[in-house]
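Shown next, in structure tokens, is the structure this report addresses.
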Amino acid sequence: LAVGVAWIVGVVAGVVVFAIPDKYEASARIYVDTDSVLKPLMSGMIVQANTEQQVGILSRTLISRPNVEKLLRMADLDLGITSDRERDNLIEYVTKTFKIRGVGKENLYTLEYRDADPEKARRVVQSMTTIFVESSLGNKRSDTDSARRFLDEQIDIYRKKLEEAENRLKEFKLQNIDLDLSGQRGADVRMAAAEIVRVPD
């Protein structure tokens, strides 16, 4: 019985594995002088962007809608699209699927895209790499504005966290005001007693 069950499970697992379509990943490694983008934006700020924030800024500036629309044309992904809705759905899919990762070395990043068609995956990565080179990231005002918006969003997030922390501190003080008052009264009593003791004969 155990052998029979094992065979059935194995057959079902094999069918499921073969039914899953293959995914191919194309990647390219690029060097980005992020300082040229970050230094003008973060001038006067004490805290500098870490690697994760740099990847976020690079993603915002590179995987923007105009660049993705250009990528669709260059990689022939828009062939067969008959409506604006289909085009919007494809743009959203490519934007979510295309990944930018830091590779652990300063200013080195990897562009990645997965697809069931290996040739399509290669075209997408190659097209995005070409767009990146042609756009001269950091020199266009639109790229700088996009990066600035990203930093502003990050600042708003930290500002909200700080306000929430301050509100929690105020609520804590209001809830424990009796303890503060009793502590203050105790301090007054101790000061009065000390003054009585210090009275000269």
Minimum-distance pair of heavy atoms, taken over all atoms of Val125 and Ala26:
CG2-O, 3.3 Å
Stepwise salt bridge (charged side-chain N to carboxylate O under 4.0 Å, His left out) check, Asp156 with Arg159:
CA-CA 5 Å; Asp156 289 337; Arg159 182 183 294 113; 2.6 Å; yes
Would you check if Leu111 and Leu62 make a side-chain contact, meaning some heavy-atom pair closer than 4.5 Å?
yes
For the residue pair Ile81 and Leu90, what are the closest heavy atoms and their distance?
CD1-CD2, 3.4 Å
If you round to the nearest 0.5 Å, how far is OH of Tyr113 from OG1 of Thr97?
5.0 Å
Inter-residue atom distance Glu69.CD - Asp88.CG, 0.5 Å rounding
8.5 Å
Other residues, nucleotides and ligands only: do more than 12 of their heavy atoms fall within 6.0 Å of CG on Asn167?
yes
Taking atom CD of Glu163 and atom CZ of Arg168, what is their separation to the nearest 0.5 Å?
12.0 Å
Which of Arg101, Arg122, Arg29 passes salt bridge (Lys or Arg N to Asp or Glu O under 4.0 Å) with Glu112? It is Arg101
Establish whether Met74 and Tyr93 are linked, either directly or via other cluster members, by ILVMFWY side-chain heavy-atom contacts under 4.5 Å.
yes
Looking at Glu166 and Lys170, does any basic side-chain N land under 4.0 Å from a carboxylate oxygen?
no
Contact check, side chains of Thr110 and Ile100, non-hydrogen atoms, under 4.5 Å:
no
For the atom pair NZ (Lys99) and CD1 (Ile63), what is the distance rounded to the nearest 0.5 Å?
8.0 Å
Is there a continuous path of hydrophobic side-chain contacts, each under 4.5 Å between heavy atoms, that joins Leu71 to Val133?
yes
Would one find more than 12 heavy atoms of other residues, nucleotides or ligands at under 6.0 Å from atom CZ of Arg114?
no
Quick one: pull up CZ in Arg73 and NZ in Lys70 and give me the separation to the nearest 0.5 Å.
7.5 Å
Those residues at least two apart in sequence (or on a different chain) that pass side chain to side chain contact (heavy atoms under 4.5 Å, CB included) with Asp117 are Asp115, Glu119, Lys120
Report the distance from atom OG of Ser127 to atom CG of Asn67, rounding to the nearest 0.5 Å.
11.5 Å
